[in-house]
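Values in this document were obtained by computation on a predicted structure and should not be read as measured data.
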Amino acid sequence: EKYQEFIPYCKKSVVTLRKDASLSANLVIRFQPFFNISYTSHVTLINPYLVTAVCKDMKLFEHLNTVWKFTPTEENPDHTLVDFAVAFKFQNSYHSYIAALVIEDIVKKNMQAFLDRTEKVYGKEKKVR
């Protein structure tokens with residue numbers, strides 16, 4: 001929820017609607033000097049296994065979909081495998097061109113930010129003997 005506190009480039013996140021297994025949030029993403037992006041993300045939660053986010057702001061994107069999947073490992077049910085996927089296409093070809101240049105780095109930074117946040121919220125991995 002507090003993405004602006006830990007996600008690179010996220011300058012503002014405000015939850016505008018909350019239901020049992022879903023929420024909507026307005027996000028502001030800033031990539032200086034290239035662009036400022038504002039959009040609404042519609043998030044669906046299937047606890048504890050899946051989080052999906054869909055942007056329905058078609059002025060900016062043709063599509064923007066993200067999926068986080070959490071799977072306990074067979075070797076140790078206390079460990080979790082995290083799969084992350086993002087698919088997007090901007091309406092504006094300039095935005096698409098810039099995004100293609102930096103998307104790999106952005107995804108790595110975002111994934112690390114989520115892992116760091118998880119450690120902060122839940123603590124470091126503990127090994128039991």
Side-chain angles (χ1 to χ4, degrees):
E1 272 188 43
K2 299 177 181 180
Y3 281 6
Q4 75 278 3
E5 293 179 8
F6 67 96
I7 294 296
Y9 313 110
C10 183
K11 301 306 174 191
K12 186 176 181 181
S13 62
V14 178
V15 174
T16 57
L17 176 69
R18 182 185 307 279
K19 295 184 180 179
D20 291 337
S22 64
L23 63 90
S24 293
N26 293 334
L27 302 173
V28 175
I29 310 297
R30 185 172 300 131
F31 298 97
Q32 295 292 358
F34 302 111
F35 45 76
N36 247 353
I37 301 171
S38 299
Y39 64 92
T40 301
S41 183
H42 302 278
V43 180
T44 302
L45 311 163
I46 301 172
N47 281 328
Y49 303 107
L50 190 67
V51 178
T52 64
V54 177
C55 172
K56 295 187 178 177
D57 179 357
M58 294 302 122
K59 294 175 281 180
L60 181 61
F61 294 100
E62 284 187 26
H63 64 271
L64 170 61
N65 302 308
T66 59
V67 177
W68 291 85
K69 182 180 173 189
F70 307 94
T71 308
T73 63
E74 289 183 19
E75 301 82 32
N76 185 340
D78 292 332
H79 291 183
T80 303
L81 176 65
V82 179
D83 289 303
F84 173 69
V86 60
F88 68 94
K89 184 175 182 184
F90 286 102
Q91 294 280 2
N92 181 306
S93 60
Y94 172 73
H95 288 155
S96 292
Y97 174 77
I98 296 300
L101 296 175
V102 297
I103 190 62
E104 187 174 332
D105 185 52
I106 290 169
V107 169
K108 285 179 184 177
K109 285 181 180 179
N110 282 348
M111 188 67 183
Q112 189 60 54
F114 274 100
L115 293 172
D116 292 347
R117 178 69 172 179
T118 300
E119 187 175 286
K120 182 177 179 181
V121 171
Y122 298 105
K124 287 189 175 197
E125 175 185 355
K126 295 178 184 148
K127 296 190 178 187
V128 179
R129 295 180 189 191

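- Y3 and L45 fall within a single hydrophobic cluster, where Ile, Leu, Val, Met, Phe, Trp and Tyr are joined by side-chain heavy atoms under 4.5 Å apart, directly or via other members.
- Under a hydrophobic clustering in which Ile, Leu, Val, Met, Phe, Trp and Tyr are joined whenever their side-chain heavy atoms come within less than 4.5 Å, directly or via other members, Y39 and V54 fall into different clusters.
- V107 is not listed as a side-chain neighbour of D105, based on a closest heavy-atom distance of 4.5 Å or more.
- By the 4.5 Å heavy-atom criterion applied to side chains, F90 and L64 are not counted as neighbours.
- Clustering ILVMFWY residues whenever any of their side-chain heavy atoms sit less than 4.5 angstrom apart, transitively, puts I29 in the very cluster that holds V86.
- Contact of the T52 side chain with the N65 side chain is not registered, since no non-hydrogen atoms from C-beta on lie closer than 4.5 Å.
- Taking 4.5 Å as the limit, some side-chain heavy atom of Y9 sits within range of a side-chain heavy atom of K109.
- Side-chain contact between K69 and T71 is present, with at least one heavy-atom pair separated by less than 4.5 Å.
- In the displayed structure, Y49 atom OH is contacted under 6.0 Å by at most 12 heavy atoms of other residues, nucleotides or ligands.
- Looking at T16 and N26, their side chains never bring a donor and an acceptor atom within 3.5 Å of each other.
- Counted within 6.0 Å of CG on D20, heavy atoms from surrounding residues, nucleotides or ligands total 12 or fewer; the atom is thus considered open.
- The distance from the CD atom of E75 to the CG atom of L81 is 9.5 Å, given to the nearest 0.5 Å.
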Working for side chain to side chain contact (heavy atoms under 4.5 Å, CB included), residues L50 and V67: CA-CA 7 Å; L50 190 67; V67 177; 3.6 Å; yes
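- A distance-only check finds no donor-acceptor pair linking the side chain of S41 to the backbone of A25 [under 3.5 Å].
- You'll find the side chain of K11 stays beyond 4.5 Å of the side chain of Q4, heavy atoms only.
- Between E5 atom CD and S13 atom OG the span is 7.5 Å, to the nearest 0.5 Å.
- Between L60 and H95, some side-chain heavy-atom pair lies under the 4.5 Å cut-off.
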Would you sort out whether D116 and K120 count as a salt bridge (Lys or Arg N to Asp or Glu O under 4.0 Å), showing the intermediate values? CA-CA 6 Å; D116 292 347; K120 182 177 179 181; over 6 Å; no
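- Atom CZ of residue F88 and atom OG1 of residue T66 lie 12.0 Å apart, to the nearest 0.5 angstrom.
- Follow the hydrophobic side-chain contacts under 4.5 Å out from V28 and you never reach I106; the two are in separate clusters.
- Under the 4.5 Å side-chain criterion, counting only non-hydrogen atoms from C-beta, V43 is in contact with V51.
- Following chains of ILVMFWY side-chain contacts shorter than 4.5 Å, one can reach F61 starting from I103, so the two form part of one hydrophobic cluster.
- Distance OG/S38 to NZ/K59: 9.5 Å, rounded to 0.5 Å.
- Side chains of H42 and S24: a donor-acceptor N/O pair is present below 3.5 angstrom, by distance only.
- Side-chain rings of F70 and F84 stay apart, their centers remaining 6.0 Å or farther from each other.
- Separating the NZ atom in K19 from the OG1 atom in T44 is a distance of 10.5 Å, to the nearest 0.5 Å.
- Between N36 atom CG and R30 atom CZ the span is 4.5 Å, to the nearest 0.5 Å.
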